[in-house]
Amino acid sequence: MSVRLLDTLTGTLQELPPAPYEVKLYVCGITPYSSSHIGHAVPIIVFDALVRYLRYRGYAVRHVTNFTDIDDKLIAAAEAQNTTVKALADKFSDQYLGSLKRLNARPADVYPRATEEISRIVEITQGLIERGYAYESEGDVYYRVRKKDDYGKLSHRKIDDLKSGARIDPTERKEDPLDFALWKGAKPGEPSWDSPFGPGRPGWHIECSAMSYGHLGEQIDIHGGGADLIFPHHENEIAQTEGFTGKAPFAKVWMHNALLQMDSDKMSKSTGNVVDLDAVIDRWGADAIRLFILSSHYRSPLTYSEEALQAAGRGAERMRAAAFATPSGTIPGPDVSGLREQFEGHMDDDLGTAEAIAVLFDLVRLINRERDAGHDTRAMQELLRELAGVLGFGLEAAHGGSRDADPFIDLLVQVRTEMRAAKQWAFSDQIRDGLKELGVELKDSAEGTIWIVSP
RNA sequence: GGCGCCGUGGCCAAGUGGUAAGGCAAGGGUCUGCAAAAUCCUCACCGCCGGUUCGAGUCCGGCCGGCGCCUCCA
């Protein structure tokens with residue numbers, strides 16, 4: 001069986017061509033105008049798991065993720081903070097990449113920025129004008145939505161259903177309220193670039209058409225992003241790209257992750273109802289977040305809660321402990337190659353990470369059981385580490401805050417070990433209890449004492 | 001108003017026709033100086049009502065209850 005992914009546009013499972021094959025993947029990135037929140041971790045982790053799995057399956061993957069480093073929000077934020085759009089965008093782009101790294105996600109192969117793709121944006125805009133899909137209007141350029149007779153196919157909307165909800169902005173000079181801007185004429189004080197349509201800047205959706213076209217070509221395999229981008233962003237991208245190239249489909253598979261919910265309220269930058277991503281990583285660790293997110297299907301909405309993260313943190317620690325427990329025996333353990341096949345079967349089926357993780361925990365239990373029985377668990381542990389790695393688990397001990405205290409903790413543990421050897425139970429328990437109150441948990445075993453920091 | 005999604009054990013969450021994965025928590029046993037960890041055992045009438053079927057959490061209809069998108073958002 002090969003890898004199958006559900007396509008938002010057709011609603012059907014699409015099979016990837018058999019490997020070896022280069023998968024062209026475009027994942028919509030962020031507009032870097034503020035800090036990342038926990039919701040951003042979802043696409044980061046989901047698409048990281050996808051890329052890792054495809055590579056594990058023998059595919060080459062060319063992964064492109066953009067930064068939309070020019071738009072209204074960025075201009076407003078720069079003005080409010082008395083800085084430049086570029087400085088602000090660079091700052092939050094770097095921050096995003098830092099968080100991504102901390103989440104143990106592999107970076108994309110290319111991170112194009114809208115402001116570095118202006119010539120291609122102009123090229124596509126011009127092409128759309130020539131083909132009748134766009135028109136100039138007093139320095140702006142708009143996409144003529146009604147010209148594209150399949151407009152709405154991705155979000156499954158009829159153009160006339162959209163009309164009642166369309167935004168009417170009196171400053172815009174459109175033929176139809178549904179038309180959207182490809183190019184916005186410059187306003188005083190705003191960053192702008194020269195173009196055949198006059199000085200200005202790109203509209204919101206055109207940059208992604210330009211960057212996927214420029215870095216991946218006219219047609220791509222997978223286009224991904226959050227479900228909130230289906231309309232209007234991706235709908236408009238299709239209209240732009242297919243209108244420009246005359247080729248369809250723009251993407252063979254449209255892959256959309258469901259959005260993370262915040263208890264009852266929607267998490268959204270616009271409402272301020274957000275949880276800072278780096279703070280969550282600090283507190284729970286990358287693997288806990290990853291386990292939390294990949295424990296459900298990427299198309300099912302998840303609700304963020306401290307309880308859920310805590311539960312995931314404990315599960316991640318259990319997985320890590322089994323992966324690195326010292327093998328205890330030499331009697332051969334059972335053959336576990338069937339578990340690898342199960343894992344692949346679930347992942348092949350539209351990235352069934354939840355079931356794949358269940359297989360991992362089956363392996364965990366098997367390892368612990370066989371180890372207790374004095375069997376050789378090395379092969380199973382290797383398999384666990386490999387498959388956990390395919391999902392992007394770093395299997396590092398959760399470790400909040402700085403590690404400055406480590407040598408002192410080690411010293412205390414060492415002292416306690418000697419006390420235990422001398423059967424000084426009261427003193428050794430005092431050390432253990434005291435450390436526990438400070439958030440350091442000790443675990444004694446035949447191989448010695450290990451300690452972990454509990455979140 | 002238009003389009004769409006969801007409702008599975010204390011919590012989270014898989015599962016699209018054949019008598020319910022997994023994680024966390026809880027209770028009991030084993031192990032351990034004690035503890036933790038580990039392991040074993042226990043714990044679900046799948047929102048409600050009809051229908052289709054030999055058989056439905058899984059398909060169809062209705063109802064109730066949550067929610068998303070339609071506007072910046074991953």
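Lettering of chains follows the sequences in order, A, B, ..., and the numbering in each one begins at 1.
Minimum atom distance to the side chain of A/T31 is reached by B/A74, of the listed B/A74, B/A38, B/C70. Distance from the side chain of A/R416 is smallest for B/G33 among the nucleotides B/A25, B/A74, B/G33.
Taking atom P in both B/G2 and B/U71, one finds a spacing of 16 Å when rounded to whole Å. A gap of 14 Å separates the C1' atoms of B/C46 and B/U16, to the nearest Å. Rounded to whole Å, the separation between the C1' atoms of B/G57 and B/G47 comes to 12 Å. Rounded to the nearest Å, the gap between the C1' atom of B/G23 and that of B/C72 is 36 Å. Rounded to whole Å, the P atom of B/A14 lies 15 Å from the corresponding atom of B/A21. Between B/U19 and B/C12, the distance separating the two C1' atoms is 25 Å to the nearest Å. Atom P of B/C59 sits at a distance of 15 Å from the matching atom of B/U8, rounded to the whole Å. Only the P atoms considered, B/U58 is 16 Å distant from B/C5, to the nearest whole Å.
The CZ-P distance, from A/R371 to B/C31, rounds to 18 Å in whole Å. Between the P atom of B/A74 and the CZ atom of A/F67 lies a distance of 11 Å, rounded to the nearest Å. For A/F324 and B/A38, the CZ to C1' distance is 18 Å, given to the nearest whole Å. The CG atom of A/L360 sits 18 Å away from the P atom of B/A21 (whole-angstrom rounding). Whole-Å rounding puts the A/H375 NE2 to B/A38 C1' distance at 16 Å. Straight-line distance from the CG atom of A/D69 to the P atom of B/C72: 19 Å, rounded to whole Å. Note: CG (A/D287) to C1' (B/C24) measures 16 Å, nearest angstrom. Regarding A/M419, its CE atom lies at a distance of 21 Å from the P atom of B/A35, rounded to whole Å.
Within 4.0 Å of A/D72, counting heavy atoms only, lies no atom of the nucleic acid at all. Using a 4.0 Å heavy-atom criterion, one finds that A/G29 contacts the sugar-phosphate atoms exclusively. Base engagement by A/L442 is indicated by at least one non-hydrogen atom pair under 4.0 Å involving a base atom. The residue A/K73 sits close only to the backbone: its heavy atoms come under 4.0 Å of sugar-phosphate atoms, none of a base.
Across all strands shown, B/G50 forms a Watson-Crick or G-U wobble pair, both distances under 3.5 Å, with B/C60. When Watson-Crick and G-U wobble pairs are counted only if both distances are under 3.5 Å, B/A26 pairs with B/U42. When both pairing distances are held under 3.5 Å, B/U71 makes no Watson-Crick or G-U pair with any nucleotide shown.
Here A/N368 reaches the OP1 or OP2 of B/U39: one of its side-chain N or O atoms lies under 4.0 Å away. OP1 or OP2 of B/U39 has at least one side-chain nitrogen or oxygen of A/R318 nearer than 4.0 Å. For A/R432, no side-chain nitrogen or oxygen approaches OP1 or OP2 of B/A36 to under 4.0 Å.
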Could you give me the CA-CA distance, side-chain angles and deciding distance for A/V3 and A/R57, then say whether side-chain contact (heavy atoms from CB on, under 4.5 Å) is met? CA-CA 9 Å; A/V3 178; A/R57 273 301 214 174; 4.2 Å; yes
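Under 3.5 Å, the side chains of A/E15 and A/S2 contain a donor-acceptor pair of N or O atoms. Between the side chains of A/S35 and A/H37, no donor-acceptor pair is found at a separation under 3.5 Å. The closest side-chain donor-acceptor pair between A/T12 and A/Q14 falls under 3.5 angstrom. In the model, A/E207 has a side-chain atom that pairs as donor or acceptor with a side-chain atom of A/T68 under 3.5 Å. Side-chain polar atoms of A/Y53 and A/D348 form a donor-acceptor pair below 3.5 angstrom. Between the side chains of A/S36 and A/S99, no donor N or O sits under 3.5 Å from an acceptor N or O. At a cut-off of 3.5 Å, with distance as the only test, a side-chain donor of A/T449 or A/D444 sits close to an acceptor on the other residue. A/E235 and A/H205 share no donor-acceptor pair across their side chains, judged by distance under 3.5 Å alone.
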Determine, for nucleotides 3-16 of chain B in 5'-to-3' order, which nucleotides have protein heavy atoms under 4.0 Å from the base (write B), from only the sugar-phosphate (write S), or from neither (write -). S---------SSS-
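With hydrogens and angles left out, the side chain of A/D228 and the base of B/G68 share no donor-acceptor pair within 3.5 Å.
For the pair A/V359 and A/S428, nearest-nucleotide mapping onto RNA chain B gives the more 5' position to A/V359. Comparing A/F361 and A/F231 along RNA chain B, the residue whose closest nucleotide (by nearest heavy atom) sits nearer the 5' end is A/F361.
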Every protein N/O within reach of nucleotides 40-42 of chain B N/O, cut-off under 3.5 Å:
{"from": "B/C40", "atom 1": "OP1", "to": "A/R369", "atom 2": "NE", "distance (Å)": "3.0"}
{"from": "B/C40", "atom 1": "OP1", "to": "A/R369", "atom 2": "NH2", "distance (Å)": "2.7"}

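The aromatic rings of A/H234 and A/H256 lie tilted to each other, with the angle between the two planes from 30° to 60°. In this pair, A/W254 and A/H223 present their aromatic rings parallel. The plane angle is below 30°, not in the 30 to 60° band.
Electrostatic pairing of A/E441 and A/R432 does not count as a salt bridge here, judged by no charged N lying under 4.0 Å from a carboxylate O.
Remark: ring of A/W425 overlaps the six-membered base ring of B/G33 in a stacked fashion, centroids less than 5.5 Å apart, planes less than 30° apart.
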